[in-house]
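Following: one structure in structure tokens, then a few remarks.
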Amino acid sequence: MHWSLRRALAFALVSTLSLAAPAFGRAAAVPFVAVAAGAAVITDGWLFDVLSTVRDRNAGRLHTLVAFALAAAIAAVLLPAFGAPADVFVAAVLIVGYGDLGRRLVLAVRENRTLSMCGFVVAAAGAAFAGQAVVAASAGAPVGQPQFVFLAVSGALLAGIMRTLFALRDAPLVLGSVVVVLWVITALAPLAGVPTVAAWERVLVALAVTTAFGWVSRALGATSIAGMLTGVFLGLLAVVLGGYGWFVVLVAFFAVGSLATKFKYELKADRGVAEPNDGARGTANVLGNSAAALIALVLYAAHAHVPFADTAFLFAYAGSVATALADTLSSEVGGLFDTPRLVTTFERVDPGTDGAVTWQGELAGVVGATIIAVLSVAVFGVTLRGGGVVVAAGVAGMTADSLAGATIEGRVLTNQGVNFLATLTGAAVGGALALAVGVA
């Protein structure tokens with residue numbers, strides 16, 4: 001067995017200690033502290049070889065295992081203090097522990113990054129589901145619940161996304177992120193009150209549809225591996241926290257935006273205005289365009305605890321997605337024309353200059369916002385006035401993107417940061433304008 005596979009198996013076995021949480025509560029931190037203490041004194045020998053990463057070998061210490069075990073111990077102590085149930089802790093630790101084992105098992109058979117990350121997600125989700133079932137069984141509750149699947153897959157996808165961005169030594173960061181997200185999802189309880197059959201249907205359909213969409217987008221070269229996982233993660237949350245209509249609106253952005261990116265790609269590449277990586281969008285790009293929509297989605301799911309009507313967050317969501325599509329079409333179409341002007345001074349500049357606009361691109365942006373508005377009328381049942389709100393929000397966000405590009409991009413914010421600022425503007429305008437005109 002290859003040393004990296006043995007190490008992954010060892011980490012998975014350590015994560016299994018989390019199953020003590022239902023019986024021991026905060027004392028479940030003790031075995032992880034013991035593992036960390038033991039690993040801290042191992043500096044050579046066969047056990048060091050099994051447990052060490054390349055970085056550990058260079059340092060002569062098992063820093064990676066110590067950090068993972070201590071992070072799990074801290075989570076075991078802190079989560080009960082904030083009222084988080086034991087299954088959140090168990091699922092999060094098993095996801096991080098078993099995910100890399102699944103990835104290594106695939107790599108042992110075939111060197112394929114996409115398949116190996118699928119192995120990560122499948123193994124992590126399976127372990128998390130089993131862990132939640134053990135917790136439920138210990139409490140005398142049903143062991144096969146749809147929320148177990150949703151929680152397990154959501155956490156596994158998030159961990160997979162972060163695993164593509166960080167090394168194994170960053171396991172504490174991955175674990176902390178998964179803990180927070182699973183805790184939030186559990187607190188929102190999106191499937192509470194939903195009949196069991198309907199809940200299973202929503203979760204399983206969401207999984208099937210979002211996985212198929214992610215696989216197709218990856219096969220067509222529209223996303224990177226991390227971008228594919230991010231898209232599936234966002235799509236799954238959209239269906240379960242919002243509904244199928246929310247997913248349709250999100251997919252419309254990804255699909256139309258990807259087609260626009262691929263349109264005359266060679267020409268745009270020659271002009272120096274094409275998206276890098278052959279147009280395959282990564283996690284930073286996907287989140288830059290979708291993070292504001294995700295915030296609106298979560299606030300919609302938590303509307304009972306916030307001071308605004310749920311429809312205000314629906315319009316915020318639609319406004320952010322309208323901005324993302326408007327900005328994408330504006331850039332992809334406008335980059336094909338030779339008469340761009342800087343949005344702040346209207347002086348002529350070279351194509352691809354941050355903050356440069358063309359009338360053709362602006363028109364394409366309005367069309368993009370209108371596409372999302374039409375879909376909002378169709379799937380959300382908003383009025384024509386509400387559709388106008390979505391268009392206005394998309395145009396406002398697109399304009400904010402151009403202004404930010406001309407003034408602070410490259411100095412204060414990256415392109416992804418500007419995208420987030422623009423979509424956040426679109427979300428704010430959408431929600432506020434909907435309240436102002438009485439459609440929310």
Side-chain angles (χ1 to χ4, degrees), residues 2-21 24-82 84 86 88-105 107 116-117 120-121 123-124 127-128 131 155-183 226 283:
H2 192 270
W3 68 270
S4 60
L5 185 56
R6 291 198 300 269
R7 184 198 64 225
L9 178 58
F11 273 65
L13 292 175
V14 169
S15 72
T16 306
L17 295 172
S18 63
L19 294 175
F24 297 102
R26 294 183 185 180
V30 173
F32 288 103
V33 172
V35 169
V41 300
I42 299 174
T43 58
D44 55 21
W46 69 270
L47 193 55
F48 179 85
D49 292 337
V50 169
L51 298 174
S52 61
T53 65
V54 173
R55 180 171 175 266
D56 293 335
R57 293 182 180 187
N58 292 334
R61 296 283 182 180
L62 294 175
H63 292 308
T64 304
L65 180 57
V66 170
F68 172 63
L70 288 179
I74 292 171
V77 172
L78 291 182
L79 281 175
F82 289 97
V88 169
F89 168 71
V90 172
V93 175
L94 291 176
I95 281 170
V96 178
Y98 278 85
D100 199 57
L101 176 60
R103 188 174 76 90
R104 288 295 175 184
L105 285 171
L107 288 174
S116 70
M117 289 314 302
F120 181 104
V121 172
L157 286 168
L158 177 62
I161 293 164
M162 299 194 70
R163 189 65 181 85
T164 64
L165 303 176
F166 301 105
L168 182 62
R169 64 176 179 269
D170 301 304
L173 176 61
V174 178
L175 178 59
S177 301
V178 173
V179 164
V180 170
V181 169
L182 295 192
W183 181 22
T283 290

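Computation of the quantities below employed the complete heavy-atom set of this structure, encompassing side-chain atoms and omitting hydrogens, waters and symmetry-equivalent molecules. Small disclaimer: the values here were computed from a predicted structure and weren't measured.
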* Test log, rule side-chain contact (heavy atoms from CB on, under 4.5 Å), inputs Thr43 and Leu62 -> CA-CA 7 Å; Thr43 58; Leu62 294 175; over 6 Å; no
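- For Arg104, the side-chain hydrogen bond (donor to acceptor under 3.5 Å, both in side chains) test picks out no residue, with sequence neighbours left out.
- In this structure, OG in Ser177 is found 10.5 Å from CG in Leu182, a value given to the nearest 0.5 Å.
- For Phe68, the ring pair (Phe, Tyr, Trp, His ring centres under 6.0 Å) partners two or more places apart in sequence, or in a different chain, are Phe11.
- Rounding to the nearest 0.5 angstrom, the gap separating the CG atom in Leu107 from the CG atom in Leu105 is 9.0 Å.
- Across Gly155 and Val178, no two heavy atoms sit closer than the pair O-CG2, 4.0 Å.
- The line from CE of Met117 to CG of Leu157 is 9.5 Å long, rounded to the nearest 0.5 Å.
- Nearest heavy-atom pair across Val93 and Phe32 is CG1-CZ, 4.1 Å.
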* Asked: Passes side-chain contact (heavy atoms from CB on, under 4.5 Å), Arg61 versus Asp56? Steps please.
  -> CA-CA 5 Å; Arg61 296 283 182 180; Asp56 293 335; over 6 Å; no
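- When all heavy atoms of Tyr98 and Thr16 are compared, the pair lying nearest together is OH-OG1, 2.8 Å.
- Between the side chain of Arg163 and the main chain of Phe166, a donor-acceptor pair closer than 3.5 Å is present.
- Note that CG of Leu65 is 10.5 Å distant from CZ of Arg7, once rounded to the nearest 0.5 Å.
- Residue Ala20 comes nearest to Ala28 through the heavy atom pair C-CB, 4.2 Å, listed as atom of the first residue, atom of the second, then distance.
- Side-chain contact between Met162 and Asp170 is absent, with no heavy-atom pair separated by less than 4.5 Å.
- Residues Ala127 and Leu94 come closest through the heavy atom pair O-CD1, 3.3 Å.
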